[in-house]
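One structure is given here, and the rest of the page talks about it.
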Amino acid sequence: MSEDWPQPYRLPDADPYWAALDDERLTYQRCGSCSEVVWPAHSYCPHCSARSLSWEESRGRGTVWSYSTITRGPTPVWAAIVPYTVGFVELAEGYQLFTQIEAEPDGIEIGMPVEVRFVRRGEQTLPVFAPATEE
């Protein structure tokens, strides 16, 4: 597979997120003052403005919240894997992540349980979600 994958734009507040992905761990922030989940990464809590954010590890399980299957890739590297599905997964911890959903397009539905797996795309490890196996 091509190493010409476009790379994500990395904001400094999210550096711990990207570092954890290199270790195949999915992380998110939680506010130490109001206990709310914070996603995407911030330098302060968007709920209460506190700066007491910490990183926690996600279980990597959730449900499909929305999705769209792409049948015509916008660049050659994406065209090589069509059809592929992207969408929002609502994680059990209470936040939504935009991601690729690896499943047959006809088998995906809203509310479907999914779990994280990690793929290397160029220089970066990324989370993708696949149908969940029983716990």
Side-chain angles (χ1 to χ4, degrees):
M1 185 162 292
S2 172
E3 292 299 311
D4 295 331
W5 286 98
Q7 295 301 287
Y9 182 71
R10 298 171 84 161
L11 294 171
D13 288 339
D15 281 345
Y17 169 78
W18 297 110
L21 286 177
D22 284 337
D23 295 331
E24 296 191 354
R25 296 181 305 111
L26 183 63
T27 58
Y28 63 97
Q29 290 178 304
R30 184 176 299 279
C31 179
S33 292
C34 70
S35 299
E36 291 288 332
V37 169
V38 175
W39 185 257
H42 280 68
S43 57
Y44 64 91
C45 178
H47 306 285
C48 72
S49 300
R51 294 194 175 270
S52 56
L53 299 176
S54 62
W55 287 92
E56 296 186 9
E57 189 165 346
S58 171
R59 290 181 46 232
R61 297 180 73 85
T63 58
V64 174
W65 190 81
S66 71
Y67 66 95
S68 181
T69 298
I70 312 303
T71 58
R72 184 174 172 181
T75 66
V77 71
W78 287 105
I81 67 166
V82 294
Y84 61 92
T85 301
V86 295
F88 284 95
V89 168
E90 186 159 14
L91 279 296
E93 291 82 10
Y95 69 101
Q96 293 177 349
L97 183 65
F98 186 74
T99 184
Q100 185 176 347
I101 302 168
E102 291 192 333
E104 289 298 319
D106 291 342
I108 300 172
E109 54 188 52
I110 302 298
M112 181 176 86
V114 290
E115 62 190 357
V116 73
R117 66 179 213 82
F118 300 92
V119 297
R120 189 80 176 170
R121 297 271 167 81
E123 300 290 320
Q124 182 64 58
T125 300
L126 296 172
V128 299
F129 284 78
T133 57
E134 297 296 321
E135 281 195 333

Do [X] and [Y] belong to the same hydrophobic cluster, where Ile, Leu, Val, Met, Phe, Trp and Tyr are linked whenever their side-chain heavy atoms lie under 4.5 Å apart, directly or via other members?
X      : Y      : answer
Leu21  : Val89  : yes
Tyr67  : Val116 : yes
Leu11  : Val38  : no
Ile101 : Ile70  : no
Phe129 : Trp65  : no

### Query
Can you list the residues that meet the ring pair (Phe, Tyr, Trp, His ring centres under 6.0 Å) rule with Trp55, with sequence neighbours excluded?
none
### Task
Please list, chain by chain and in numerical order, all residues satisfying ring pair (Phe, Tyr, Trp, His ring centres under 6.0 Å) with Tyr44, sequence neighbours excluded.
His42
### Query
Within a strict 4.5 Å, meaning less than it, do heavy atoms of the Val82 and Thr71 side chains meet?
no
### Query
Could you go step by step and tell me if Leu97 and Leu91 meet the side-chain contact (heavy atoms from CB on, under 4.5 Å) rule?
CA-CA 7 Å; Leu97 183 65; Leu91 279 296; 3.9 Å; yes
Using 0.5 Å steps for rounding, measure from the [atom1] atom of [X] to the [atom2] atom of [Y].
X      : Y     : atom1 : atom2 : result
Leu126 : Thr99 : CG    : OG1   : 8.0 Å
Gln29  : Cys45 : CD    : SG    : 9.0 Å
Ser43  : Leu53 : OG    : CG    : 8.0 Å
Ser33  : His47 : OG    : NE2   : 12.0 Å
Met112 : Thr63 : CE    : OG1   : 9.5 Å
Leu26  : Glu57 : CG    : CD    : 8.0 Å

#### Entry: From CA spacing to verdict: side-chain contact (heavy atoms from CB on, under 4.5 Å), Asp106, Glu104
CA-CA 6 Å; Asp106 291 342; Glu104 289 298 319; 5.5 Å; no
Partner set under side chain to side chain donor-acceptor pair (under 3.5 Å) for [X], not counting sequence neighbours:
X     : value
Glu36 : none
Thr85 : Thr69
Ser54 : none

### Query
What do the steps show when you test Ile81 against Gln100 for side-chain contact (heavy atoms from CB on, under 4.5 Å), and what is the final call?
CA-CA 12 Å; Ile81 67 166; Gln100 185 176 347; 4.2 Å; yes
### Task
Give every residue pair that meets the side-chain hydrogen bond (donor to acceptor under 3.5 Å, both in side chains) criterion with at least one member in residues 107-118, sequence neighbours excluded.
Arg61-Glu115, Glu102-Arg117, Glu115-Thr133
### Task
Any pair with a residue in residues 73-84 that passes side-chain hydrogen bond (donor to acceptor under 3.5 Å, both in side chains), sequence neighbours left out, goes on the list, sorted by first then second residue, please.
none
### Query
For Pro113, what residues pass the side chain to side chain contact (heavy atoms under 4.5 Å, CB included) criterion, not counting sequence neighbours?
Ala132
### Test salt bridge (Lys or Arg N to Asp or Glu O under 4.0 Å) applied to Asp22 - qualifying residues, sequence neighbours left out
Arg120
### Set of salt bridge (Lys or Arg N to Asp or Glu O under 4.0 Å) partners for Glu56, sequence neighbours left out
Arg30
### Query
What's the shortest heavy-atom distance between Ala20 and Thr27, and which atoms?
CB-CG2, 3.6 Å
### Query
So which heavy atom on Pro127 is nearest to which on Tyr17, and how close?
CG-OH, 3.6 Å
### Task
With sequence neighbours excluded, give me every ring pair (Phe, Tyr, Trp, His ring centres under 6.0 Å) pair touching residues 91-116.
Tyr28-Tyr95, Trp39-Tyr95, Phe88-Phe98
### Task
Could you note down all residue pairs passing salt bridge (Lys or Arg N to Asp or Glu O under 4.0 Å) where residues 73-101 supplies at least one of them, sequence neighbours left out?
none
